[in-house]
Amino acid sequence: MSKLNITGVKPGSTSLKLTAGKITKTVPITVKSRNLLSYGPASGNGLTATVNSDGSLHVTGTATRQWCGVVWKFPCPVQGTVKFSLSGDISGLAVNVKCVDASDNQLGEQMNASNSVMAIPDGTVSLFLNIISNEATPTSKDADIHVQLESGDTAHDWMKPDNTSLKGGV
């Protein structure tokens, strides 16, 4: 029996037609983004996040107070080690991912730029993506950011997540 390796070039769906003698099978193939995050439009606590055409986030507004902003909650798509990465003008903003159990209790430490490789704790059901002001007196923001969470411990070029229509809030 021989083995066939297929490498996806970009996210999307297609099919693979396999023929052996008189037998032909068509196998559906779906290539997903390596960016495991889910996000979309969100507004709360003085900040507004919209999704740019490339899938990055545009954050505007002035947070009502320190440690406030917008959040998205979505099912945890993987277990094991993950790498968090972030780029863009985030001066005055903190961006992090928290692992939570079925009761929304945080498990382990949050992932952020200084704590970027972690194992997803046992019992994690959902992830929270947070964009909050880290300024004692928040100032106006108008920034584009690329945030990514991917399996493994190596950062790759940023890729748009599969889900950029998840409603966020506070």
Side-chain angles (χ1 to χ4, degrees), residues 11 13 30-52 54-141 143-156 158-170:
S13 296
T30 301
V31 177
K32 293 190 171 200
S33 174
R34 77 175 141 268
N35 191 342
L36 303 171
L37 296 175
S38 293
Y39 53 70
S43 187
N45 294 311
L47 292 180
T48 297
T50 56
V51 179
N52 293 320
D54 70 350
S56 62
L57 284 168
H58 185 75
V59 181
T60 58
T62 304
T64 54
R65 64 186 186 281
Q66 188 176 28
W67 310 124
C68 288
V70 291
V71 63
W72 296 265
K73 178 185 175 185
F74 53 95
C76 183
V78 297
Q79 295 297 315
T81 301
V82 292
K83 170 75 175 164
F84 176 84
S85 55
L86 174 67
S87 64
D89 178 15
I90 62 162
S91 178
L93 295 175
V95 182
N96 62 61
V97 175
K98 296 178 181 176
C99 300
V100 297
D101 64 16
S103 300
D104 288 343
N105 296 310
Q106 183 174 333
L107 301 171
E109 296 180 49
Q110 67 186 20
M111 292 173 258
N112 55 46
S114 63
N115 185 18
S116 63
V117 176
M118 293 184 60
I120 300 289
D122 289 341
T124 298
V125 174
S126 300
L127 299 178
F128 281 10
L129 170 62
N130 301 286
I131 300 176
I132 57 177
S133 174
N134 60 9
E135 299 172 315
T137 303
T139 58
S140 180
K141 302 298 168 219
D144 291 314
I145 61 172
H146 294 84
V147 61
Q148 181 157 283
L149 184 69
E150 56 190 305
S151 290
D153 59 5
T154 303
H156 296 90
W158 180 84
M159 180 180 276
K160 175 183 175 179
D162 289 326
N163 185 357
T164 56
S165 60
L166 178 68
K167 291 280 187 196
V170 292

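- Looking only at distances, no side-chain donor or acceptor of Asp144 sits under 3.5 Å from a matching main-chain atom of Gly88.
- Across every non-hydrogen atom of Thr48 and Ser43, the tightest pair is OG1-OG, 3.3 Å.
- For Asp122, the CG atom counts as loosely surrounded, since its 6.0 Å shell holds 12 or fewer non-hydrogen atoms of other residues, nucleotides or ligands.
- Using modelled atom types and a 3.5 Å distance limit, the side chains of Ser165 and Asn163 yield a donor-acceptor pair.
- Side chain to side chain, Ser33 and Asn35 fail the donor-acceptor criterion of an N or O pair below 3.5 Å.
- Counting all heavy atoms, side chain and backbone alike, Leu127 lies closest to Pro77 at CD1-CD, 4.0 Å.
- Taken to the nearest 0.5 Å, the NE2 atom of His146 stands 10.5 Å off from the CG atom of Leu86.
- Taking CG of Leu47 as the start and OG1 of Thr62 as the end, the distance is 7.5 Å to the nearest 0.5 Å.
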Fill in: Evaluation steps, side chain to side chain contact (heavy atoms under 4.5 Å, CB included), between Lys73 and Asp104
CA-CA 10 Å; Lys73 178 185 175 185; Asp104 288 343; 2.9 Å; yes

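- The CG atom of Leu57 lies 7.5 Å from the CG atom of Asn52; values are rounded to the nearest 0.5 Å.
- Rounded to the nearest 0.5 Å, atoms CZ (Arg65) and OG (Ser133) are 11.0 Å apart.
- For the pair Ser38 and Trp72, the tightest heavy-atom approach, listed with the atom from each and the gap, is O-CB, 3.8 Å.
- The structure places CG of Asn130 at 4.5 Å from CG of Asn96, a figure rounded to the nearest 0.5 Å.
- With rounding to the nearest 0.5 Å, the separation of CE in Met118 from CG in Asn112 is 9.0 Å.
- Pro138 has its side chain out of reach of Lys141: every pair of non-hydrogen atoms, C-beta onward, lies at least 4.5 Å apart.
- Using a distance-only test at 3.5 Å, with no hydrogens or angles considered, a donor-acceptor pair links the side chain of Gln148 to the main chain of Met159.
- Looking at every heavy atom in both residues, Leu149 comes nearest to Met111 through CD1-SD, 3.7 Å.
- For the pair Lys98 (side chain) and Ser126 (backbone), a donor-acceptor distance under 3.5 Å is absent.
- Closest heavy-atom contact between Gly55 and Lys160: CA-CG, 3.8 Å.
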Practice prompt. Apply side chain to side chain contact (heavy atoms under 4.5 Å, CB included) to Ile131 and Tyr39, showing your working.
Written response: CA-CA 11 Å; Ile131 300 176; Tyr39 53 70; over 6 Å; no

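- Residues Val117 and Lys83 form a side-chain contact, since some pair of their non-hydrogen atoms from C-beta on lies under 4.5 Å apart.
- In this structure, Trp158 and Ser85 have side chains that are not in contact, with every pair of non-hydrogen atoms separated by 4.5 Å or more.
- The main-chain N or O of Asn115 is never found under 3.5 Å from a side-chain atom of Glu109 such that the two would form a donor-acceptor pair.
- Among Val100, Val125, Thr124, the one residue that satisfies the side chain to side chain contact (heavy atoms under 4.5 Å, CB included) test with Leu107 is Thr124.
- Between the side chain of Ser103 and the backbone N or O of Asn105, no donor-acceptor pair lies under 3.5 Å.
- Here the shortest heavy-atom pairing between Cys99 and Pro121 reads SG-CD, 3.6 Å.
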Discussion item. Run Leu129 and Val95 through side chain to side chain contact (heavy atoms under 4.5 Å, CB included) and show every step you take.
Written reply: CA-CA 7 Å; Leu129 170 62; Val95 182; 4.1 Å; yes

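- No side-chain donor-acceptor contact under 3.5 Å links Gln66 to the backbone of Cys68.
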Practice prompt. Could you give me the CA-CA distance, side-chain angles and deciding distance for Leu37 and Val97, then say whether side chain to side chain contact (heavy atoms under 4.5 Å, CB included) is met?
Written response: CA-CA 9 Å; Leu37 296 175; Val97 175; 4.0 Å; yes

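- Trp67 places no side-chain N or O within donor-acceptor distance of the main-chain N or O of Ile132, the cut-off being under 3.5 Å.
- Contact of the Ser151 side chain with the Arg34 side chain is not registered, since no non-hydrogen atoms from C-beta on lie closer than 4.5 Å.
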